[in-house]
Amino acid sequence: MSNQAFNFQLSQPSGQLSAFVQGIWSASVSGLQSDPVVKPLYSDAGSGILFNLAGGVKIGHETLPEGVIMLPVKKVSENIVLSPGAKIAGIRFHPAIGYGVLGQHFDKPTRLSPAKDGQYHFYQIYAELRMQKESNGQIEALYQWADNHLSFTNMIPVSLERALKGIEIGDTPGQLNENIQLSQRQIERLFQFWLGMTPKHYQRILRVKKAINFLRRHKNANLADVAQQFGFSDQAHMTREFRVIACITPGKI
């Protein structure tokens, strides 16, 4: 996606990396642009790393300094505001994978201190990204970094992986213990530990996310039909869920 003011490049990995990474991306705003560019960041229950390479960047109420920014698990949608001249790049993990990589949750976008940059050498790739002038070069550099520094063996427990896949294909949270050898209480604790939310909230986020993706591709879809298709009780229920999780109504997608 690009125009004279805003450039956004997204690469979705294939192969082994695709099981853990949703996307590797780069975005920038022309320095000739007079106004900031505002884009929605919809909730996906995932987390990631944002490299703020230059310029003013704000997510929600948080102004991000330049550097390596650890992003929290996305439970509700927020806007990102990019000032003229802003340049950012990043990597987006699937749900629970961010905790597997980083070993901790963040309650807000948090700049990593260079003094705490350990095994992943984030500031080494940060310096390389700043040298890259083109989006394609930044994305290629991030792929190379991921290949060299991320080990995805046993990233999350098998039971959690099965539970996430179960909800993805339509299982209700109450059905999960039928397919994995854990009690409902143990499943709740697993989700809280790895995602910081309940299985029910994860299901709600996933349902809204799927409906948003559908509405983006089908601008004239009948909203009552969409509500039924994605498992909402009715259109009013879908609208309430959108307002809570996506901070927007379905008609505004």
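Quick caveat, the model's predicted, so the values are computed rather than measured.
- Across all non-hydrogen atoms, the minimal contact from Lys87 to Ser28 is CG-CB, 4.0 Å.
- Atom CE of Met238 sits about 11.0 Å away from atom CD of Glu241, to the nearest 0.5 Å.
- Other residues, nucleotides and ligands contribute at most 12 non-hydrogen atoms within 6.0 Å of the CZ atom of Arg243.
- Residues Ile248 and Val81 fall into different hydrophobic clusters, defined by Ile, Leu, Val, Met, Phe, Trp and Tyr side chains chained together at heavy-atom separations under 4.5 Å.
- Between Phe51 and Phe122, the two ring planes are tilted [angle within 30° to 60°].
- For Arg111 (side chain) and Glu66 (main-chain N/O), a donor-acceptor pair under 3.5 Å exists by modelled atom type.
- Note that OG of Ser18 and NE2 of His94 are 6.5 Å apart. Values are rounded to the nearest 0.5 Å.
- Between Val57 and Ala86, the closest heavy-atom pair is CG2-CB, 4.3 Å.
- The 12-atom threshold is not exceeded at CD of Gln12, counting heavy atoms of other residues, nucleotides or ligands nearer than 6.0 Å.
- No donor-acceptor pair closer than 3.5 Å links the side chain of Ser83 to the backbone N or O of Pro36.
- More than 12 heavy atoms of other residues, nucleotides or ligands lie within 6.0 Å of CZ in Arg207, so this atom counts as buried by the packing criterion.
- With rounding to the nearest 0.5 Å, the separation of NE2 in His201 from OG1 in Thr198 is 7.0 Å.
- Of the candidates Ile24, Val21, Asp44, Arg92 forms a side-chain contact (heavy atoms from CB on, under 4.5 Å) with just one, namely Asp44.
- The minimum heavy-atom distance linking Val29 with Pro84 is given by the pair CG1-CA, 3.8 Å.
- Minimum heavy-atom separation, Ser11 to Tyr143: OG-OH, 2.6 Å.
- With no hydrogens or angles considered, a side-chain donor-acceptor pair links Ser26 and Gln138 at under 3.5 Å.
- When atom types are taken as modelled, the side chain of Gln9 and the backbone of Trp25 share no donor-acceptor pair closer than 3.5 angstrom.
- Counting heavy atoms of neighbouring residues, nucleotides and ligands inside a 6.0 Å radius, atom CD of Glu140 does not exceed 12 of them.
- Gln228 CD: 12 or fewer foreign heavy atoms inside a 6.0 Å radius.
- Of all the heavy atoms in Leu164 and Pro95, the pair that sits closest is CD1-O, 3.9 Å.
- A pairwise comparison of heavy atoms in Ser47 and Leu71 identifies CB-O, 3.5 Å as the closest pair.
- Counted within 6.0 Å of CD on Gln184, heavy atoms from surrounding residues, nucleotides or ligands total more than 12; the atom is thus considered enclosed.
- Checked by atom type and distance alone, the side chain of Lys209 never pairs as donor or acceptor with a backbone atom of Ala45 at under 3.5 Å.
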